[in-house]
Amino acid sequence: MPEPTKKDEMSNGEKESVATDSSEAPMPTPEISLEVSPPPAEQPVETEGKDPQPIEVLKPVQPEPVENGSKEPEPEAVVVGAKEQVESVNSEVKEEAPSPCSPPPPATVKEEAEPVVTEVNQPPEPVVTVVTPPPPPPPPEPVVTEVTQPPEPVVTVVTPPPPPPPEPVVTVQVTPPPPPADKDDDGTTNTPSPPPPPEDANTVKKLSIELPNDSVHVSAMGRKDSVWSLGEGQAPEDLDKPVDTPPLSSLLIERPQGGSITVGGDISFVAKVEAQDLLRKPTIKWFKGKWMDLASKTGKHLQLKETFDRRTKIHTFEMHIIKAKDNYAGNYRCEVTYKDKFDSCSFDLEVKELEQSQSVDIRSAFKRSSEGHEDAGDLDFSGLLKHRNQREPKQDETPEVDVWEILKSARPDQYEKIAFEYGITDLRGLLKRLKKTKKEEKKSEAFAKKLDPAYQVDKGGKIRLVVDLADPTVELKWYKNGQEIRPTPNQRKFIFEQKGTQRILVINNCGLNDDAAYSVAAGEEKCTTELFVKELPVKITKEIEAVKTTVNERIELECEVSEEGAQVKWCKNGVEVPTGPRSRYRVKSEGLKHWLIIDDASKEDTGTFSLMASGGTSEAKVQVELKPLKIIQDLQDMTVLLGQPLKMHCEIFPGNVPGRWYRNGQLIQSNDRINILQRAKNHRLEIVNSTIHDAGDYTFVPEGYTQSLCAKVHIVDPPRVHLESLNFPDNTVTIVAGNKLRVEIPISGEPAPRVVWMKGERVILDSGHRVRAETFSDYTSLTIDIAEKEDTGNYKIVLQNEAGEAGASIKVKVVDIPDPPEVPLVTEVGGDWCSMTWEPPIYDGGSPILGYFIERKKKQSSRWMRLNFDLNKETTFEPKKMIEGVPYEVRVFAVNAIGVSKPSEPSKAFVPLAVTSEPTMLVVDDVTDTTVTMKWRPPETIGAAGLDGYLVEYCIEGTDDWRVTNKELTEKTKYTITGLPPEAKILVRVRAINAAGASTPRTLQHSILVKEVIEPPKIRIPRHLKQTYTRKVGEAVNLVIPFMGKPRPKVSWLKEGQTVDPTQVTIRNTDCDSIIFIRKAERKHSGKYDMKVEVENHVDTAIIDIQIVDLPGPPQCVKIDEVWGGNVALDWTPPKDNGNAAITGYTIQKADKKTMEWYTCIEHYHRTCITITELVVGNEYFFRIYSENMVGLSEGATQTKDSALIVKEGMQLKNPEYIDHDFKEPPKFTQPLINTFAIAGYNATLNCSVRANPRPKVIWMKNKIAIIDDPRYRMFSNQGVCTLEIRKPSPYDGGMYSCKAINDLGDALVECKLEVKVPTQE
């Protein structure tokens, strides 16, 4: 989780702000700010009887329209106040138009001395020349002169040598002003406010910040279903605090945009992620609200689709909403994650209802849709609000569950689960009201300041846990996961420090085992926190160097990573290198370094070797060549400063080989400045003082070899920035918004340096339209055509060439009118007055805020009325003389030396109201052991504010501790107080609540005894359980036995006098029934179950008889008693296992010995002997018999051992003896299954052929699970061809299908893969 931060870190940590140190001495030179603009049309202001006194302020400059004439209004700023928003400003600043996901960052400018202001008429393009002398004594008033103006506005800064202190002179050249525009006819309706400066869509670029998903679209701000719900572990008191989220990474290149459709329409949302730098597919999740994952809601109304374009390497994720309903409206969120990267974006869907003239059924509006969703039939709070005007309150209904009581006793991490269970969609509003309830906060006696809720530190870093004690003498102990932390003399892992009343625990070299819960105990008090250790990815700190060698040499590839003991993998040409005992490759690691060693290199070792870590990959090429020439040390490319010595060295084998040196192809001869040396295998070239002509390509050619050694030598001069010639105080340039700024800075360096201008992390290009940077041979310049407040900040200049790098920075300060103040908040309302407060504007225009103007209007009116004529210095105000019962709105203007800001957004409408009278006729309706039900009548006097609901409170008799029972107001005049202690005496009171507050309470005159009357238990056995309850083996048993009794009866179960085994039978008891559940019945579950219900001394019992039946076994001992004519007499004995049910009959079959095909002679035969007639003379028959009970036929049959030969009477034919051929063979598939693709909604078939004798039993399986009695599948077998038909498959029917054939000689199995594709919608 992100590290907790404080709100005040934003202004200090923001890089875009410009603030000078308060310790710096004030500049002696007076700051003169000139701003010219055409005179705006004045409009009268509605007041309360007094004429407003004029205030002289400078009007903001309004530049000429751009060529295309397009003017876009300035987007409204979204106020954010968390540290992650500031970090995102510092890390990811993009030039793009503002969007709901990326509001513009606030800019902060420290206050300067108040300038002298002069207002003149402004021509279309003014030219301002400012001459700034060195600091003089206190200067006199500046002189302003009007002259004509050239066509191009230019600001030139001249820095002469220091003269004696002269008067500062400011020259302004202007042309005659254009004629003023006509005034509006309806100018009396609104107070004049400065218009926003126009923006050019082609040239003006705004700064954009990628924010977390806390921002809500403007269109969704009024809807409750678009409010984010709380995350896990967030208490209700933290609702108004900023939520820390990890910084975003820009994964999304196309974000889903909000839309609007009518009920029954279709809409699609598309998100795209570029996979150029991703090794695998990113993970995407779609949410509605903050906690509803839409992956589990897919169906005919919601479909999710993923595609990948291999040519552009872009992942496309789509969400299709089909036939939308009105409850589909709300805020949606798309989250993309890849390893440690994260990106998200929120968007809104608005579903418009069709106009209907008929009335709406409140019960149908109160229920959710029942079309196959998990929450079908649950309460829909948003639907109830839509039809609240048509709802008739039910006075006699009592809520079954008190959600407020559940939330009161639940932990904060259970809030979302409770909201999902009870169908609450506006969880944020619910918890805001929970926060406002009165609760006593126990002040800590031992701690003046406790630990923060959580801390975060990188692995290997250091963290300090600080507490401030109220009593420094108290004994303090630190714990980690409940174990006390004790100091050890030889280890510096945990260090305990003491500074005044502060006690500090320092944890050094944090590892993953330090990720734990820490607590500190001071006496009997304890405070806890959690430490999260973030494991950083293992990065490559030192790349692998390329190797070029010859055969039979040793190769060592070295790489250095950022963490000791890191797991890495060595690869060659993308394939992992084997490192076994018999491998030619050896891997070694020591500390941060890793080596791959090849002792005896061969030609096959040539290739690309790489080391892969979790944070990156390093590659290098290894080239192994044959001898003859061995270069022990090659020439190295060198960069030498001008005038420094140049020394080149190489080493070759074999030694004592002479050679020649060349520069740019020309032979080098020794002289006084150049020395050529050779000693054995070492060759050197030394130049004493390098010149610019010594640069070039150097080559050493060994004599007798075609191979040569080459290197490049560069002679360079480091770059320099000459800011001292500008003579800017503190390197700061001040400009009025709307004017043109051009700053020229001299530079030097050889070769000519590359110049880069940057503002923060954004590079300023020379091709920019409004802001651009230009570089010439001896200077570089920054030009801003029309200065804006976003241009304020530090501008960094970076110079680079081969000799080095130089940098400098200048500050640009743009002064302008302030931003609008924050939306005013009405904190208190009276009968004809209210109290309001607001926050100052985020950006003060570079000049201190002088005060504020306040206006108000009736909500239904469009006329604003000014409430103060003198500037209000404070950020609070109290409007008066308002009409009771009429809604009002207020807004605020901010004023500085430059002018008046735009108005703030109007406040929420408020109505001056008074409270109601107290409720009447409070009486007791019902009493139990833990609950009391109260009834009352509405107040006699309600007033203009109406009645919002009632608040019920109670206290134990003899105390004054009144407790609120309903956290949410109830509109009914009947309420049940739950969770009361038995046999306690309580007092109850009720208050009426409206917009003005709570009324005087109505208190019950006498106390109430919490005690319930005893009701004897009574078991109400259902009719079908009064006889034996029969189920087949494998079926589920789910019996519900209701009963009555008060207070809650005690239920117990026995089976055959023994306690029921909970691992075999699941029993669940409630207040009114008992449920016995067996997921998969077995024969051992049969028996009589005794149920006993007790209420104190009263007992009621019942017996449930359960019989679990199964298929019977085959008959025993089937034999042929007699054969005569065409008749055969059979006899058998009943089966040994009857399947726990009576045998209902037998099925007798016969088969000719020649074909062995079985035919049924008779079914459902009840006796154990039979005579089979009408047999064919000359045939020889076998017989088999199946047994049958209420479940069905037995799985196997008993066959006669002997056969019955039917011979013709009076004739005896001696048949020749033949040895029958054995046709038996185990199953063998002659045609296997083939992998198949199917289209969703269209039948699919799988075919294979098998050969076996006897005829095999064919079993079809899906994912190793047999398919039995599933109506979606049909199985055929004809002449050995086996077919499986899948009816209208869906994507869930995809998987591995297998066909298994079994007979007495063996079995065989074939498999295939089935993929079901969903057809795309055009």
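- Thr931 places no side-chain N or O within 3.5 Å of a backbone atom of Thr978 that could act as its donor or acceptor partner.
- Using a cutoff of 4.0 Å between basic side-chain nitrogens and carboxylate oxygens, Asp1090 and Lys1092 are not scored as salt-bridged.
- The pair Arg991-Glu953 meets the salt-bridge criterion, with a side-chain N (NZ, NE, NH1 or NH2) lying under 4.0 Å from an Asp/Glu carboxylate O.
- Annotation: the span from Lys908 atom NZ to Glu889 atom CD amounts to 12.0 Å, rounded to 0.5 Å.
- At least one side-chain heavy atom of Val1051 sits less than 4.5 Å from a side-chain heavy atom of Phe1043.
- Ion pairing between Glu1094 and Lys1050 fails under the 4.0 Å rule for side-chain N and carboxylate O.
- Using modelled atom types, no side-chain atom of Thr916 and backbone atom of Ile942 make a donor-acceptor pair closer than 3.5 Å.
- Residues Val886 and Val911 fail the side-chain proximity criterion, which asks for heavy atoms closer than 4.5 Å.
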Practice task
Walk me through it: do Lys1011 and Asp929 pass the test salt bridge (Lys or Arg N to Asp or Glu O under 4.0 Å)?
Solution key: CA-CA 4 Å; Lys1011 186 176 182 181; Asp929 281 345; over 6 Å; no
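- Taking each heavy atom of Glu1015 and Val1095 in turn, the nearest pair found is O-CG1, 4.0 Å.
- At least one donor-acceptor pair under 3.5 Å links the side chain of Thr837 to the backbone N or O of Thr875.
- Under the 4.5 Å side-chain criterion, counting only non-hydrogen atoms from C-beta, Leu987 is not in contact with Leu1004.
- The CG atom of Leu1009 sits 9.5 Å away from the CD1 atom of Ile986 when rounded to the nearest 0.5 Å.
- Put simply, the side chain of Ile1103 does not reach to within 4.5 Å of the side chain of Tyr1089, judged on heavy atoms.
- For the pair Arg989 and Trp962, the distance from NZ or CZ to the six-membered ring centre is under 6.0 Å and the angle to the ring normal is within 45 degrees.
- Using modelled atom types and a 3.5 Å distance limit, the side chains of Asn994 and Asp948 yield no donor-acceptor pair.
- Here the CG-CD1 distance, from Leu1025 to Ile1104, works out to 5.0 Å after rounding to the nearest 0.5 Å.
- Considering CD1 of Ile1076 and NZ of Lys1055, their distance stands at 9.0 Å, rounded to 0.5 Å.
- Phe877 has its ring centre no less than 6.0 Å from the ring centre of Trp838.
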Exercise for the section: Go through Val1060 and Leu1054 one step at a time and tell me if the side-chain contact (heavy atoms from CB on, under 4.5 Å) criterion holds. Expected result: CA-CA 6 Å; Val1060 178; Leu1054 296 175; 5.7 Å; no
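- The closest side-chain heavy-atom distance from Arg963 to Tyr954 is below 4.5 Å.
- Between atom OG1 of residue Thr920 and atom CD of residue Glu918 there is a gap of 8.5 Å, rounded to the nearest 0.5 Å.
- When every heavy atom of Ala998 is checked against every heavy atom of Val915, the shortest pair comes out as O-CG1, 3.8 Å.
- In this structure the side chain of Ile1075 never reaches within 4.5 angstrom of the side chain of Ile1067, judged on heavy atoms.
- To the nearest 0.5 angstrom, Ser904 atom OG is 8.0 Å from Arg891 atom CZ.
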Practice task
With side-chain contact (heavy atoms from CB on, under 4.5 Å) as the test, would you mind laying out the steps for Leu349 and Ile321 before giving the verdict?
Solution key: CA-CA 10 Å; Leu349 173 62; Ile321 296 179; 3.6 Å; yes
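- Scanning both residues, Pro906 and Val823, for their nearest heavy atoms gives O-CG1, 3.7 Å.
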Practice task
List the steps and the verdict of side-chain contact (heavy atoms from CB on, under 4.5 Å) for Ile1078 and Thr1066.
Solution key: CA-CA 6 Å; Ile1078 304 174; Thr1066 302; over 6 Å; no
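- For the pair Thr965 (side chain) and Val952 (backbone), a donor-acceptor distance under 3.5 Å is present.
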Exercise for the section: Step by step, work out the side-chain contact (heavy atoms from CB on, under 4.5 Å) result for Thr973 and Tyr950. Expected result: CA-CA 8 Å; Thr973 56; Tyr950 300 94; 4.1 Å; yes
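- Val826 approaches Cys834 most closely through the heavy-atom pair CG1-CB, 4.0 Å.
- Across every non-hydrogen atom of Arg1048 and Asn1069, the tightest pair is NH2-O, 3.1 Å.
- Annotation: side chain of Asp1105 is not in contact with side chain of Tyr1029 (no heavy-atom distance under 4.5 Å).
- By the side-chain contact (heavy atoms from CB on, under 4.5 Å) test, Ser835 is found to be paired with Thr827, Glu828, Trp833, residues two or more places apart in sequence or in another chain being considered.
- Across all their heavy atoms, Pro1049 and Val1093 have their closest contact at CB-CG1, 3.4 Å.
- A donor-acceptor contact shorter than 3.5 Å is absent between the side chain of Lys288 and the backbone of Met292.
- Trp1053 and Ser1074 are linked by a side-chain donor-acceptor pair at a separation below 3.5 angstrom, with hydrogens and angles left out of the test.
- By the neighbour-count criterion of 12 heavy atoms within 6.0 Å, atom NZ of Lys857 is densely surrounded, having more than that number from other residues, nucleotides or ligands.
- Looking only at distances, no side-chain donor or acceptor of Thr262 sits under 3.5 Å from a matching main-chain atom of Gly265.
- Annotation for Glu839: atom CD does not count as buried by contact number, only 12 or fewer foreign heavy atoms lying within 6.0 Å.
- Remark: the backbone N or O of Ile956 is paired with a side-chain donor or acceptor of Thr959 at under 3.5 angstrom.
- Under a 3.5 Å cut-off, the side chain of Ser907 and the backbone N or O of Val890 do form a donor-acceptor pair.
- You'll find the side chain of Ile883 reaches within 4.5 Å of the side chain of Tyr888, heavy atoms only.
- The residues Asp832 and Lys881 are annotated as not salt-bridged, no charged nitrogen and carboxylate oxygen being separated by less than 4.0 angstrom.
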